[in-house]
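These notes are about the structure you will find just below.
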Amino acid sequence: MDAGSARGRGIGAAGTASRALVGAALLYLAGGAGGLSWGIAWYDAAIGLIALPAVMVGVGLAARRHARGPVRFTGPLAICLNCAVIVVLVANRFTGPGAELFYGVTLLVAAWRGQPGCEATVLSNAVLRRDDQIGCPLFSPLDAWEARHREGTAGPAAEANR
């Protein structure tokens, strides 16, 4: 089962709020930052709402076929590689608005589901009922800090109630 439903929320208040804020900002940018008129082209919507989610579901299907459980690609190399992919997608004038739309929507879904790690896996995890994690340059360090903080504040009273 996935992190968002079987084990409760995998992120805390800071992870949820930061994902919601960055997701909303990316959706604003995807619309051309045009205020109330959302000027997004059909091909940007196709990239952001169909092509990129389909690619990630395909990655999830490959992981289901070849991995014996959830994929954890979360180390420093994974974070660097994911960062490079994000920069290439967002900086490219052909894929930029679609990538902003994809990442914006998936960040909002990750915040809603409470899923840690990279937002790119949130849709494939939901569709395929998996818990794959890819290292995220922005949110992985925040998630790790928040998890340490939660563990550190649990204290003896919380342990006794388990």
Side-chain angles (χ1 to χ4, degrees), residues 1-31 33 44-45 47-64 66-153:
M1 191 72 52
D2 62 7
S5 61
R7 296 186 306 252
R9 295 187 66 77
I11 58 175
T16 300
S18 61
R19 282 170 174 82
L21 288 173
V22 173
L26 285 171
L27 290 178
Y28 180 74
L29 289 173
D44 294 328
I47 290 170
L49 300 176
I50 298 169
L52 290 174
V55 167
M56 291 311 298
V57 169
V59 169
L61 287 170
R64 177 191 280 174
H66 298 291
R68 291 196 186 270
V71 172
R72 295 290 185 260
F73 190 55
T74 57
L77 177 62
I79 291 173
C80 288
L81 183 60
N82 189 25
C83 189
V85 169
I86 292 168
V87 168
V88 166
L89 285 173
V90 172
N92 185 318
R93 68 181 186 154
F94 299 109
T95 59
E100 290 167 350
L101 183 60
F102 170 72
Y103 285 114
V105 167
T106 56
L107 276 168
L108 294 177
V109 173
W112 174 62
R113 290 175 47 97
Q115 182 176 323
C118 182
E119 65 282 354
T121 60
V122 73
L123 297 176
S124 64
N125 282 342
V127 169
L128 301 173
R129 299 180 139 319
R130 292 185 55 85
D131 187 23
D132 297 327
Q133 298 294 318
I134 298 173
C136 179
L138 180 60
F139 299 110
S140 289
L142 177 60
D143 294 343
W145 174 83
E146 205 166 27
R148 281 192 309 273
H149 180 70
R150 278 191 302 228
E151 291 169 6
T153 59

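For the numbers below, each heavy atom of this structure counts, side chains included, while hydrogens, waters and symmetry mates do not. Being a predicted model, the structure only gives us computed values, none of them experimental.
- Between Ser140 and Gln133, the side chains place no donor N or O within less than 3.5 Å of an acceptor N or O (distance only, hydrogens not considered).
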Under 3.5 Å, side-chain donor or acceptor atoms of residues 10-23 against the rest of the protein: list the pairs with distances, not counting sequence neighbours.
from  : atom 1 : to     : atom 2 : distance (Å)
Thr16 : OG1    : Arg9   : NH2    : 2.7
Thr16 : OG1    : Gly12  : O      : 2.9
Ser18 : OG     : Ala14  : O      : 2.9
Ser18 : OG     : Gly15  : O      : 3.2
Arg19 : NH1    : Gly15  : O      : 3.2
Arg19 : NH1    : Asp143 : OD1    : 3.1
Arg19 : NH2    : Gly117 : O      : 3.1
Arg19 : NH2    : Asp143 : OD1    : 3.2
Arg19 : NH2    : Asp143 : OD2    : 2.6

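- Separation of atoms CD1 (Ile79) and CD1 (Ile134) is listed at 11.5 Å; rounding is to 0.5 Å.
- Not a single donor-acceptor pair under 3.5 Å links the side chain of Asp131 to the backbone N or O of Pro70.
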Do any side-chain atoms of residues 101-111 form donor-acceptor pairs under 3.5 angstrom with protein atoms, and if so which ones, sequence neighbours left out?
from   : atom 1 : to     : atom 2 : distance (Å)
Thr106 : OG1    : Phe102 : O      : 2.9
Thr106 : OG1    : Tyr103 : O      : 3.2

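- In this structure, the side chains of Arg130 and Val71 come closer than 4.5 Å at one or more pairs of heavy atoms.
- Cys118 contributes atom SG, which lies 4.0 Å from atom CG of Asn82 (distance to the nearest 0.5 angstrom).
- In plain terms, the two heavy atoms of Asp44 and Phe94 that are nearest each other are OD1-O, 4.3 Å.
- Of all non-hydrogen atoms in Glu119 and Cys136, the two that sit nearest each other are OE1-SG, 3.8 Å.
- In this structure, Asn125 contributes its side chain and Asp132 its backbone to a donor-acceptor pair below 3.5 Å.
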Would Leu89 and Glu100 satisfy side chain to side chain contact (heavy atoms under 4.5 Å, CB included), going step by step from the backbone distance to the final call?
CA-CA 9 Å; Leu89 285 173; Glu100 290 167 350; over 6 Å; no
